[in-house]
Amino acid sequence: MTIDKTPSIIAGLQRAKQRQSKRRLNDLHQSHIKASYLGTKPRVRRLIAVDKCAPERSAPKRSWISLPRGCIVLIALVALLCGFSSYYDEENVSRFMLNYSRQYQAIIHNRQNYCDHTLSLHETFGHIRRHVLNQETALDQLEEALGEPQFQSIALVGSSGVGKSLTARLLSELFPWPENVHTLTKSDISDANRMQSLLSKLSHCGRNLIFVDNLSTASGDQELVPVLNALVSNLGDIARHNNTHRANLKRLAIVYIFNVNRWLDGTALEQFATVLQLPHTQVVQYDTLQQQHLESCIRHEAALENLHVDQERVQEMISVTDVRMSGCKTVRAKVLIYGKPKSNHTKD
């Protein structure tokens, strides 16, 4: 019996043919990859060589159109500010800032025209006259001097206890612009840096008032007056006789308070005030109090303390008070000792 091997032979041939086809495909794929690598490498080398031989090229210039948007806005703002400064001069800018400051002060103090330097001091001095007794002429002169728009240098001259320091204290408390009031001593005037700093910080709002208290003619303190006045004259923003029409100036008055020899009589004191060497300074003389003035001082202090002092006690206090030595300064202490509450006196 013969076995037919034809199908197995055919199957073997087919498998051999598949293996041969697979091998050819694999060889063809490998040859293609190798040919691709060999063809690209020389080209890359040529490109590198050409790039090395080529001349260097500068970076392209950027126009203002290609700048960032923020830079363009900044340039426009600077140009606008330059145009503004060239159109508006320094005086106009200063006037604008001054008006703004005045409006701000009016809002803060809740008062229209708060910074108006022409505001009258008549009401203020009306209150002062009710407390500083027997000095009507001196207070009239002081009120008139402080009402002037230009710089004022004023000297209050008088013996102890006549009301000079009391006038200064009440004026400080009742001044329409209390933040503009400054009190100095002799040592403060001697410190040039301190004075320059104070004068540079004076306000444009309303008026400025400087008190220099406890000066003595016996110590030669009158020499300090021209020193401080000279510092003021060196400042260009203080109102004076020749520039009061300008709106951006500061108004200033300096009040010097001098104590003089208490033993001078009225005539001698008047002559002393006349020859007192205070250039460009208005001298306001306070009258020396007499014995008959003490009763009004006693009655006034008793009313302030709501006390009653009978006439016998009044005469006793007058007899033991040296008016030329202390004026009315010691009266209040005596009233507190001898006075009785008005309610108790009424019951009696």
Side-chain angles (χ1 to χ4, degrees), residues 121 125 128-129 131-148 151-173 175 181-192 194-195 198-199 207-233 252-290 293 297 322-331:
L121 297 177
F125 273 87
I128 294 175
R129 287 183 178 90
H131 294 272
V132 180
L133 308 178
N134 308 306
Q135 300 295 346
E136 291 78 8
T137 302
L139 294 178
D140 290 343
Q141 293 175 355
L142 180 58
E143 180 182 0
E144 182 180 358
L146 291 178
E148 296 294 333
F151 169 65
Q152 292 292 314
S153 175
I154 307 168
L156 306 185
V157 179
S159 57
S160 178
V162 296
K164 304 183 305 300
S165 296
L166 178 59
T167 300
R169 180 174 65 82
L170 293 174
L171 187 55
S172 300
E173 296 173 355
F175 199 58
V181 179
H182 309 275
T183 302
L184 305 179
T185 62
K186 293 185 290 186
S187 59
D188 293 330
I189 300 178
S190 302
D191 189 344
R194 175 182 173 86
M195 293 309 307
L198 172 63
L199 295 175
R207 306 178 206 167
N208 298 273
L209 186 59
I210 297 178
F211 290 104
V212 186
D213 202 355
N214 294 323
L215 299 177
S216 173
T217 55
S219 304
D221 293 339
Q222 61 269 26
E223 297 178 359
L224 298 175
V225 175
V227 173
L228 182 52
N229 290 351
L231 292 176
V232 175
S233 63
L252 172 64
I254 303 179
V255 179
Y256 303 93
I257 303 175
F258 283 90
N259 289 322
V260 298
N261 192 337
R262 64 179 65 90
W263 300 112
L264 294 176
D265 57 21
T267 304
L269 181 59
E270 183 177 355
Q271 293 175 352
F272 178 82
T274 303
V275 300
L276 187 63
Q277 295 181 358
L278 297 177
H280 310 293
T281 300
Q282 180 175 350
V283 178
V284 177
Q285 178 187 340
Y286 275 61
D287 295 331
T288 301
L289 297 181
Q290 303 299 325
H293 296 142
C297 293
D322 188 348
V323 67
R324 300 183 66 86
M325 177 69 71
S326 59
C328 289
K329 278 188 175 180
T330 62
V331 167

Side-chain touch [X]/[Y], heavy atoms, less than 4.5 angstrom:
X	Y	result
Leu133	His293	no
Val255	Val212	no
Asn134	Leu289	yes
Ile128	Leu171	yes

Is the number of heavy atoms from other residues, nucleotides or ligands within 6.0 Å of CD (Gln290) greater than 12?
yes

Backbone N/O of [Y] and side chain of [X]: donor-acceptor pair under 3.5 Å:
X	Y	answer
Asp188	Thr185	yes
Gln135	Asp287	yes
Ser219	Leu215	no
Arg207	Leu146	yes
Lys329	Ser160	no

For the residue pair [X] and [Y], confirm or rule out a side-chain donor-acceptor distance under 3.5 Å.
X	Y	answer
Thr137	Asp140	no
Ser159	Tyr286	no
Asn229	Tyr256	yes

Q.
Quick one, Asn259 with Ser216, criterion side chain to side chain contact (heavy atoms under 4.5 Å, CB included). Give me CA distance, side-chain angles, the key distance, then yes/no.
A. CA-CA 5 Å; Asn259 289 322; Ser216 173; 5.5 Å; no

Nearest 0.5 Å, please: how far is [atom2] in [Y] from [atom1] in [X]?
X	Y	atom1	atom2	result
Ile210	Gln152	CD1	CD	13.5 Å
Lys164	Arg169	NZ	CZ	14.0 Å
Leu184	Leu224	CG	CG	11.0 Å
Thr330	Met325	OG1	CE	10.5 Å
Ile257	Asp221	CD1	CG	12.5 Å
Asp191	Lys186	CG	NZ	15.5 Å

Heavy-atom closest pair, residues [X] and [Y]:
X	Y	answer
Val132	Leu170	CG2-CD1, 4.2 Å
Leu228	Met195	CD1-CE, 3.3 Å
Ala138	Val284	O-CG1, 3.4 Å
Thr281	Ala155	CG2-N, 3.8 Å

Test of understanding: with side-chain contact (heavy atoms from CB on, under 4.5 Å), list the residues that count as partners of Glu143, not counting sequence neighbours.
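So Glu143 forms a side-chain contact (heavy atoms from CB on, under 4.5 Å) with His122, Phe125, Arg129.
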
task = Run the numbers on His182 and Leu209 for side chain to side chain contact (heavy atoms under 4.5 Å, CB included), then give the verdict.
result = CA-CA 6 Å; His182 309 275; Leu209 186 59; over 6 Å; no

- Task: Pick out which of Asp213, Val225, Val283 makes a side-chain contact (heavy atoms from CB on, under 4.5 Å) with Phe258.
- Result: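 So the option named by the test is Val225.
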
